[in-house]
Number of protein chains: 2
Amino acid sequence: MVRDADVYNQRCPSRSVLEHITSRWGVLVLGILLAGTQRFSELRKGIGGVSEKMLAQTLQTLERDGLVLRKAYPVIPPRVEYSLTPLGLEAARRVAELASWSELNLSKVLDARQTYDAQS
Amino acid sequence: MVRDADVYNQRCPSRSVLEHITSRWGVLVLGILLAGTQRFSELRKGIGGVSEKMLAQTLQTLERDGLVLRKAYPVIPPRVEYSLTPLGLEAARRVAELASWSELNLSKVLDARQTYDAQS
DNA sequence: CAGGATCCAGTACGATACTG
DNA sequence: CAGTATCGTACTGGATCCTG
């Protein structure tokens with residue numbers, strides 16, 4: 001099966017990396033992993049609002065791209081730890097800048113929205 | 001109508017700003033506007049692969065957030081120019097860093113993907 | 001030319017149930 | 001605990017047609 005997205009990304013492959021990083025949950029996963037190694041359930045709590053499915057999927061994508069390191073311990077109950085690779089750390093730092101910027105400027109954006117909504 | 005996304009963003013409003021900026025087309029629009037003022041059709045060509053609908057929608061969202069300035073000239077045929085506001089410029093710069101980072105490190109990511117795919 | 005309106009397909013996503 | 005599998009739905013986003 002060939003999806004449009006694949007064709008699209010063949011034309012510009014770096015977009016696919018960027019889209020993984022900037023994906024809804026990707027941003028948050030990278031952000032929270034900046035704080036250090038985390039277990040699956042810790043990530044879920046830390047992010048809030050992610051389903052297990054999406055978290056697992058996001059982590060797999062980021063692991064495949066070499067941004068996240070997955071370490072599974074063969075014990076019962078299972079224990080899996082996620083952390084940033086050096087490459088992932090670089091990406092996460094930049095994402096974090098963007099995230100903190102938007103927090104910092106949130107009020108300006110909200111003002112702009114009010115102005116915009118008022119006159120239309 | 002109340003969407004889940006709205007409820008979700010009420011819990012953490014700054015996420016909504018971040019999501020607009022990091023949205024699939026938002027990233028690209030901000031990136032291309034760094035080069036300067038552009039008309040609607042120029043943006044479409046410059047980005048490549050956007051439908052008119054999504055471009056218009058993205059531009060409206062960014063305009064509402066005070067990141068993009070829309071200037072419409074009352075002539076026939078219509079002429080509308082888009083540019084970055086000072087706030088938008090700040091955001092765009094950070095996004096551009098992320099974008100150029102992912103281009104620069106594309107090969108590393110592709111290597112990681114190969115390794116990952118090979119062993120599973 | 002710059003979009004708005006409409007329609008529709010594919011996808012993303014969440015809920016639930018299940019397993020090692 | 002850390003997932004996978006399956007299912008159903010809401011939404012995204014593209015195609016098309018239309019207008020000032």
Side-chain angles (χ1 to χ4, degrees), chain A residues 1-9 11 15-16 19-29 32-33 37-64 68-83 116 120, chain B residues 1-9 11 15-16 19-20 22-29 32-33 37-64 68-83 120:
Chain A
M1 170 196 171
V2 175
R3 291 178 309 144
D4 282 350
D6 299 334
V7 178
Y8 160 85
N9 281 327
R11 281 210 306 275
R15 278 192 194 175
S16 75
E19 287 185 9
H20 291 165
I21 295 174
T22 62
S23 74
R24 179 172 188 187
W25 303 119
V27 169
L28 301 171
V29 166
I32 201 171
L33 280 181
T37 300
Q38 313 254 349
R39 300 182 58 179
F40 189 84
S41 50
E42 290 173 334
L43 286 170
R44 258 205 96 186
K45 270 189 215 165
I47 292 178
V50 222
S51 63
E52 292 180 4
K53 180 186 171 183
M54 289 317 298
L55 181 55
Q57 199 175 100
T58 304
L59 285 168
Q60 279 172 15
T61 311
L62 295 178
E63 189 197 355
R64 193 169 97 98
V68 160
L69 187 69
R70 189 192 121 110
K71 211 168 183 180
Y73 299 90
V75 296
I76 289 181
R79 178 183 185 89
V80 183
E81 291 178 348
Y82 293 92
S83 57
Y116 184 92
S120 61
Chain B
M1 170 195 176
V2 175
R3 291 178 310 145
D4 283 353
D6 297 334
V7 179
Y8 161 85
N9 281 325
R11 281 210 307 276
R15 277 195 194 172
S16 75
E19 287 186 7
H20 292 165
T22 62
S23 73
R24 181 172 188 189
W25 303 119
V27 169
L28 300 171
V29 166
I32 201 172
L33 280 181
T37 300
Q38 313 254 348
R39 300 182 58 179
F40 188 84
S41 51
E42 291 173 334
L43 286 170
R44 260 204 93 186
K45 271 190 215 166
I47 291 177
V50 223
S51 64
E52 293 181 2
K53 180 186 172 182
M54 289 317 298
L55 181 55
Q57 200 174 99
T58 304
L59 285 168
Q60 279 172 15
T61 311
L62 295 178
E63 189 198 354
R64 192 169 98 98
V68 159
L69 187 69
R70 188 191 121 111
K71 211 167 181 180
Y73 298 89
V75 296
I76 292 181
R79 178 184 186 88
V80 183
E81 292 179 347
Y82 293 91
S83 57
S120 62

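In this text, all values refer to a predicted model and were calculated from it rather than measured experimentally. Naming convention: chains lettered A, B, ... in sequence-line order (proteins, then strands); numbering from 1 in each chain.
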Nearest-Å distance for atom pair NE2/P, residues H20(B) and dT12(D): 10 Å
Nearest to side-chain heavy atoms of F40(B), which nucleotide of dG3(C), dG3(D), dA2(D): dG3(C)
Angle between terminal axes - the helix from dC1(C)-dG20(D) to dG20(C)-dC1(D), 5 pairs each end, rounded to 10°: 50°
Phosphate contact (dC1(D) OP1 or OP2) by R39(A) side-chain N/O below 4.0 Å: no
Closest nucleotide among dG3(C), dG14(D), dG4(C) to the Q60(B) side chain: dG4(C)
Nucleotide dC1(D), atom C1' - distance to CZ of R79(A) in whole Å: 10 Å
4.5 Å side-chain heavy-atom contact, T22(B) and I21(A): no
Contacts of type side chain to side chain donor-acceptor pair (under 3.5 Å), residue E42(A), not counting sequence neighbours: none
Which nucleotide in dC13(C), dC1(D), dG14(D) has an atom nearest any side-chain atom of M54(B): dG14(D)
Rounded distance in Å - CD (Q57(A)) to P (dT6(D)): 15 Å
Polar side-chain atom of R70(A) near backbone of V80(A) as donor-acceptor pair, under 3.5 Å: no
N/O donor-acceptor pair under 3.5 Å between R44(B) side chain and V50(B) backbone: yes
Residue P78(B), side-chain heavy atoms: nucleotide from dC1(D), dG3(D), dA2(C) that is nearest: dA2(C)
Heavy-atom pair of closest approach, residues I47(A) and I32(A): N-CD1, 3.9 Å
d(OH, Y73(B); P, dC1(C)) in whole Å: 17 Å
Distance, rounded to the nearest Å, where E81(B) contributes CD and dC1(C) contributes P: 15 Å
Between dC18(D) (P) and K53(B) (NZ): distance, integer Å: 18 Å
Test item: L43(B) and L59(B) side chains (from C-beta on) under 4.5 Å apart, heavy atoms: yes
Nucleotide nearest P77(B) (side chain, heavy atoms from C-beta), chosen from dC1(C), dG3(D), dG14(C): dC1(C)
dC1(D) OP1/OP2 closer than 4.0 Å to side-chain N/O of Y82(A): no
Close side-chain approach of L28(A) to R15(B), heavy-atom, < 4.5 Å: yes
Among dT4(D), dG14(C), dA2(D), the one nearest A56(A) by side-chain distance: dT4(D)
Sugar-phosphate, base or nothing in reach of R70(A), heavy atoms under 4.0 Å: sugar-phosphate
Whole-Å gap separating P (dA15(C)) and CD (E52(A)): 11 Å
Whole-Å gap separating P (dG4(C)) and CG (L55(B)): 11 Å
